[in-house]
There are 2 protein chains.
Amino acid sequence: MANLGSNDQRVLTTLKKSNKPLSAYDILDRTRSAALKAPVQVYRALQKLEKRGLVHRVEALNAFVACCDDHHGLHRPGFVVCRDCGVAREFEDKRVARVAEDAAGPDFLIETISLEIYGRCAPCRAAA
Amino acid sequence: MANLGSNDQRVLTTLKKSNKPLSAYDILDRTRSAALKAPVQVYRALQKLEKRGLVHRVEALNAFVACCDDHHGLHRPGFVVCRDCGVAREFEDKRVARVAEDAAGPDFLIETISLEIYGRCAPCRAAA
DNA sequence: GTTGCCTTCGTTATGATATAACATTACGGT
DNA sequence: ACCGTAATGTTATATCATAACGAAGGCAAC
């Protein structure tokens with residue numbers, strides 16, 4: 001596959017600078033001055049970045065995060081997400097793959113696994 | 001909390017008749033003749049049904065399914081979803097809660113857990 | 001170098017999902 | 001009947017995502 005283009009770089013940089021998941025439109029807002037003018041450019045970049053494991057989508061937020069890991073290839077981590085502060089912490093746990101295989105059964109071909117945990121992080125609970 | 005209203009019943013019935021997850025707008029289409037006229041009515045019903053565990057949201061599909069289980073209270077099952085035929089099979093696995101607790105840590109208050117497994121089911125693979 | 005092809009990128013428009021804001025109606029308690 | 005609360009209805013709008021098409025750039029064959 002081709003190398004990252006300048007749009008891809010800009011989107012990735014924007015995500016890396018954020019400590020929270022960003023929606024495609026958040027990214028667009030932050031890069032509009034730079035170069036990106038339309039949602040589709042952001043989505044195209046995100047799609048390419050996700051294919052390479054540089055970015056992950058957080059399904060329940062319709063948002064995206066840079067992979068915390070620099071970088072050992074494709075994986076599908078889980079996320080722990082605070083509903084208050086919005087921070088999403090990436091994690092991996094080998095048990096997830098086993099649970100998934102048991103649930104799916106031997107004849108189901110697993111392509112992706114999404115595990116997302118929502119709640120309140122300790123700092124936000126303390127502040128409340 | 002109050003009982004289910006007629007809109008809630010209609011939405012729940014519609015979901016039960018479907019063997020696949022339905023989006024809010026799918027539900028709206030199928031109930032428009034009956035009574036529901038606007039998205040917000042469907043979303044309100046879904047919200048109430050979800051609170052009671054009668055319906056689950058499948059995050060990565062932006063869609064909803066009736067709980068397969070008639071009915072022992074709140075739970076947060078996982079789903080195995082076929083990308084071809086769209087069928088979502090509900091399952092539960094106690095290991096998920098443990099993985100989630102370990103990932104979140106002792107000071108994180110877990111509210112919901114979403115585990116979704118995507119791929120191809122056996123019949124669809126055979127057909128392809 | 002120029003032709004043809006493929007991939008990327010830009011632009012416009014539109015489709016799909018979800019909620020805000022506020023008016024109206026239904027209904028139980030007293 | 002009166003009030004308060006919950007449910008419902010209506011309109012408008014916010015948010016998320018992709019379709020369709022054309023222009024620009026790279027690259028190999030000739």
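All values below come from the heavy atoms of this structure, side chains included, with hydrogens, waters and symmetry mates left out. Sequence lines set the chain letters: A, B, ... in the order given, protein chains first and strands last, and positions in each chain run from 1.
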Integer-rounded Å distance: C:dT8 P and A:Asn3 CG:
11 Å

Quick one: is C:dA18 close enough that its OP1 or OP2 comes under 4.0 Å of any side-chain N or O from B:Arg57?
yes

Length of the CG-P vector between B:Leu61 and C:dA16, whole Å
16 Å

May I ask you to verify if any side-chain N or O of A:Arg44 is less than 4.0 angstrom from the OP1 or OP2 atom of C:dT7?
no

Assign B:Arg10 to base, sugar-phosphate, or nothing according to its heavy-atom contacts below 4.0 angstrom with the strands shown.
nothing

Rounding to an integer number of Å, can you tell me how far A:Leu46 CG sits from C:dC9 P?
13 Å

Taking 4.0 Å as the cut-off, does a side-chain nitrogen or oxygen of A:Asn62 come that near to OP1 or OP2 on C:dT17?
no

Could you check which of D:dG9, C:dT12, D:dC16 has an atom nearest any side-chain atom of A:Ser23?
D:dC16

Measure the shortest side-chain to side-chain distance between A:Leu54 and A:Cys67 over non-hydrogen atoms and say whether it is less than 4.5 angstrom.
no

Of D:dC16, D:dT8, D:dT10, the nucleotide closest to the side chain of B:Ser6 is D:dT8

Grouping I, L, V, M, F, W and Y whenever their side-chain heavy atoms are under 4.5 Å apart, do B:Ile117 and B:Val81 come out in a common cluster?
no

Expressed as a whole number of angstroms, how long is the span from B:Asp8:CG to D:dG9:P?
10 Å

Do other residues, nucleotides or ligands put more than 12 heavy atoms under 6.0 Å from A:Gln47 CD?
no

Under 4.0 angstrom between A:Tyr43 side-chain N/O and D:dA17 OP1 or OP2:
yes

Would you mind reading off the distance between B:Lys51 atom NZ and D:dA6 atom P, rounded to a whole angstrom?
11 Å

Can you figure out which of C:dT19, C:dT17, D:dA7 approaches the side chain of B:Lys48 most closely?
D:dA7

Just by distance, with hydrogens left out, do A:Tyr43 and A:Gln41 show a side-chain donor and acceptor under 3.5 Å apart?
no

N-O pairing of B:Arg57 and B:Glu59 below 4.0 Å:
yes

What is the distance, to the nearest angstrom, from the CG atom on A:Leu36 to the C1' atom on D:dA17?
16 Å

A:Lys37 NZ - D:dA24 P separation (whole Å)
15 Å

Report the residue (B:Tyr25 or B:Gln41) whose heavy-atom-nearest nucleotide on DNA chain D is the more 5′ of the two.
B:Gln41

Taking CG from A:Leu4 and P from C:dT7, how many angstroms apart are they, rounded to a whole number?
17 Å

Give one of base, sugar-phosphate or nothing for A:Ala24, where a contact means two heavy atoms less than 4.0 Å apart.
nothing

Assess the residue pair A:Ile27 and A:Tyr25 against the criterion (side chain to side chain contact (heavy atoms under 4.5 Å, CB included)); give the C-alpha distance rounded to whole Å, side-chain angles, the decisive distance to 0.1 Å, and a yes or no.
CA-CA 5 Å; A:Ile27 296 168; A:Tyr25 283 76; over 6 Å; no

Please determine if B:Asp8 and B:Arg44 form a salt bridge, counting it only when a charged side-chain N lies under 4.0 Å from a carboxylate O.
no

Please determine if B:Asp102 and A:Arg95 form a salt bridge, counting it only when a charged side-chain N lies under 4.0 Å from a carboxylate O.
yes

Would you mind reading off the bend of the helix from C:dG1-D:dC30 to C:dT30-D:dA1 from its two end axes, five pairs each, to 10 degrees?
20°

